[in-house]
There are 2 protein chains.
Amino acid sequence: MGFQEVASALSSLNKTAKATTVSPDSVINLDHGDPTMFESYWRKQGEKCRVVISATDFMSYFSDIGNTCWFLLPELAEAIKRLHRAVGNAVTEDRHIVVGTGSTQLYLAALFALTSPGGPDPISVVCAAPYYSSYEEETTFLLSGLYKWAGDAYTFDKDEPYIELVTSPNNPDGTIREAVVNRAEGKTIHDFAYYWPQFTPITCAVDQDIMLFTLSKSTGHAGSRIGWAIVKDKEVAKRMTKFMEISSIGVSKESQVRASKILGVVAEDCERFGCADDSNNFFVYSKRTMAERWEKLRKVVKGSEVFSLPKYPQEYCNFSGEFSEASPAFAWLKMKEDEDLEGILKGQKVLTRSGRRFGVDERYVRISMLHQEDAFKIFLERLTALVNANSMVEKVV
Amino acid sequence: MGFQEVASALSSLNKTAKATTVSPDSVINLDHGDPTMFESYWRKQGEKCRVVISATDFMSYFSDIGNTCWFLLPELAEAIKRLHRAVGNAVTEDRHIVVGTGSTQLYLAALFALTSPGGPDPISVVCAAPYYSSYEEETTFLLSGLYKWAGDAYTFDKDEPYIELVTSPNNPDGTIREAVVNRAEGKTIHDFAYYWPQFTPITCAVDQDIMLFTLSKSTGHAGSRIGWAIVKDKEVAKRMTKFMEISSIGVSKESQVRASKILGVVAEDCERFGCADDSNNFFVYSKRTMAERWEKLRKVVKGSEVFSLPKYPQEYCNFSGEFSEASPAFAWLKMKEDEDLEGILKGQKVLTRSGRRFGVDERYVRISMLHQEDAFKIFLERLTALVNANSMVEKVV
């Protein structure tokens with residue numbers, strides 16, 4: 001389901017205008033990675049994250065006319081670079097920053113930047129399966145003559161130019177990814193939305209041609225629709241900026257100023273990391289919360305002969321200075337039998353996303369681990385019931 | 001030139017990072033309708049327009065799951081309807097509101113909503129010349145198989161489905177427009193960005209299938225990138241919402257909350273209109289300022305045998321209760337001789353947009369009337385010099 005279909009289903013089933021309101025008999029939406037679990041952290045941050053916008057702020061289309069991305073607020077560019085430096089997850093020196101209405105718009109901008117109207121055929125866009133379910137729709141919905149969706153990168157064998165999308169950690173399964181096609185005619189777009197300490201150990205500062213990040217997953221502010229691209233080549237950054245100009249004449253400055261504030265506060269905390277009490281550090285808090293959720297989920301699934309979860313290696317995290325394993329934003333749950341797992345969970349009033357949507361089969365579902373605590377608790381109870389019911393069936397058989 | 005090219009030119013010529021900073025020898029950018037002239041009004045409004053956003057606001061993707069446009073803040077929908085009711089410029093009862101990242105994104109959403117992948121050929125998109133210069137680029141930049149640009153509506157003679165764009169008041173020339181093709185297979189998108197009392201007399205509440213409005217032109221807050229569509233058909237509104245979902249997963253909620261505040265304040269003022277001191281009403285202020293600018297400009301052009309401006313009829317404005325003539329956001333200046341008027345003005349360090357970009361010829365330019373007072377003053381001085389120089393040439397010849 002898309003956001004539209006989930007919203008409509010939730011509203012009619014739960015009889016509420018809020019996507020995040022749950023009660024013990026509610027339908028629980030774990031279809032989208034709506035990052036509402038971090039609300040409790042941000043509630044404690046109070047005034048230092050508050051933004052005040054007055055009547056005359058941001059009246060002009062322009063922000064910084066000397067910059068390639070002329071609508072980017074300089075303070076946002078600065079906060080982005082500062083945070084990446086503090087976390088150590090990406091190289092930003094001598095790179096161009098392009099801001100977008102979420103990383104979704106930046107993905108489309110990157111496709112536009114890497115193709116040109118002169119070419120004989122639309123260029124193939126591939127991604128190793130299982131891949132993020134929205135890439136296909138985003139690539140195909142306008143029937144562009146610039147690019148076309150060509151599916152799983154593992155099966156791409158054409159001797160022609162192509163664009164490979166690399167998502168690392170991967171959505172849906174949390175694995176660390178590298179490009180798989182690796183031919184001279186290929187270009188890459190790296191989606192690093194989940195390359196933050198709460199989701200995975202930070203093993204190096206990534207440094208690829210086009211790298212996408214988003215506020216939705218880094219700090220949990222999905223409603224702001226702020227994403228950013230770190231781009232090596234100036235001409236590519238220019239073309240991406242051109243895409244934003246043609247499709248929306250830039251990006252909300254209110255969201256940009258708010259993102260600067262939030263990222264700046266997190267960066268400042270991280271710069272002091274290790275020197276003082278770290279329990280209030282956003283990544284320390286969110287990593288701990290994610291790890292606790294994963295522990296609870298693994299405990300439930302462990303008792304099952306029917307369900308399984310991916311295993312992640314222990315790795316040294318440069319940010320925390322500790323060995324740990326990944327605690328991804330999504331659980332990639334697999335069922336032994338060849339059954340429609342999404343349908344089974346829907347029967348338990350839990351909305352998830354079928355493996356079919358990610359280029360694999362219906363034995364898999366993607367389950368968001370980012371929802372509010374009460375929704376996660378109800379999910380665990382319902383999954384426990386399902387595990388127990390299935391193990392009873394197992395024994396009887 | 002696009003925004004990108006203007007930004008880059010201004011920054012290198014004027015050696016400043018601000019698009020709105022001018023000095024007596026600056027290059028003046030009147031290429032875009034950057035509505036910075038309204039800043040002085042908003043400065044006086046103070047605290048009642050101030051918006052405070054705290055750390056936990058707007059973390060979810062969702063705003064109102066029971067609504068067709070699930071990411072639209074209910075308070076924004078309410079403020080939009082309230083303002084249209086108070087001004088009397090558009091029918092909103094029983095209509096669907098879709099919010100966009102500026103009306104630009106909504107235009108693309110409307111194209112998507114009115115076409116479908118099943119069709120044999122891309123559907124033709126037409127607009128009566130002179131037409132808004134960006135429509136062509138927005139329609140063609142992705143080489144969509146859903147729609148194609150077919151230019152001037154007056155010359156469209158194909159017996160096939162088509163989409164006609166109607167901009168009223170028209171950008172660039174300020175005239176009131178109606179659809180010109182009027183065939184059964186046609187659909188229309190009405191761009192009413194400039195149908196507000198400061199630009200034109202409000203003669204009726206418009207009521208078309210898809211009507212686009214934008215904060216940039218209604219109140220002058222261009223940096224917020226907030227536009228809205230008023231849509232009759234629910235399925236069309238749903239498809240437009242789907243477009244926003246696929247291309248940017250919704251629209252900045254910070255901008256939405258700020259737009260609600262601004263539109264609400266203006267609407268409240270307008271509801272009291274006629275009962276008290278009106279001089280602080282936004283439309284009274286902005287209409288007066290626009291009229292003054294037009295008077296000054298007409299005075300300069302009147303002395304010329306070479307330059308001319310369109311004439312607008314006196315009409316009764318339902319909002320102000322007075323007869324007045326239009327004072328459009330752009331001056332559509334024409335030169336008698338067949339010369340490149342954009343180039344001539346560029347020689348005077350005034351950036352404008354050539355008639356060629358609007359589907360007509362180079363004797364015309366579009367000049368923004370919305371820039372800050374000092375830029376407008378410098379423009380008038382330079383135009384006066386040009387008029388004087390040309391009338392001397394005229395006399396000598």
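Being a predicted model, the structure only gives us computed values, none of them experimental. Letters A, B, ... mirror the listed sequences (proteins, then strands); counts begin at 1.
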So what's closer than 4.5 Å to chain A heavy atoms on [X]: side chain, backbone, both or neither?
X        : value
B:Glu5   : side chain
B:Val257 : neither
B:Leu108 : side chain
B:Lys48  : neither

Among [options], which residue forms the greatest number of heavy-atom pairs with chain A at distances under 4.5 Å?
options                               : value
B:Gly66, B:Gly220, B:Ser255           : B:Ser255
B:Thr219, B:Asn67, B:Thr36, B:Asp57   : B:Asp57
B:Leu142, B:Thr68, B:Val265           : B:Leu142
B:Glu39, B:Lys242, B:Glu137           : B:Lys242
B:Ala222, B:Gly250, B:Gly227          : B:Ala222
B:Ile53, B:Thr115, B:Leu111, B:Thr104 : B:Ile53

If you count heavy-atom pairs within less than 4.5 Å of chain B, which of [options] leads?
options                               : answer
A:His221, A:Gln105, A:Glu138, A:His32 : A:His221
A:Ile246, A:Ile262, A:Thr56           : A:Ile246
A:Val6, A:Leu10, A:Asp64, A:Thr101    : A:Thr101
A:Arg43, A:Glu47, A:Gln45, A:Arg50    : A:Arg50
A:Arg258, A:Lys15, A:Lys238, A:Gln256 : A:Arg258
A:Ser224, A:Cys49, A:Pro117, A:Gly100 : A:Ser224

Donor + acceptor pair across side chains of [X], [Y] (<3.5 Å):
X        : Y        : value
B:Arg225 : B:Ser216 : yes
B:Thr289 : B:Tyr41  : no
A:Lys253 : A:Ser63  : yes
A:Ser252 : B:Ser252 : yes
B:Ser134 : B:Tyr107 : no

Measure centre to centre between the rings of [X] and [Y], then say whether the value is under 6.0 Å.
X        : Y        : answer
B:Phe112 : B:Tyr147 : no
B:Phe71  : B:Phe62  : no
B:Phe282 : B:Phe38  : yes

* **Side-chain donor/acceptor of B:Glu245 to backbone N/O of A:Phe3, under 3.5 Å** => yes

* **Gap between atom OG of B:Ser8 and atom CD1 of A:Ile65 - 0.5 Å precision** => 9.0 Å

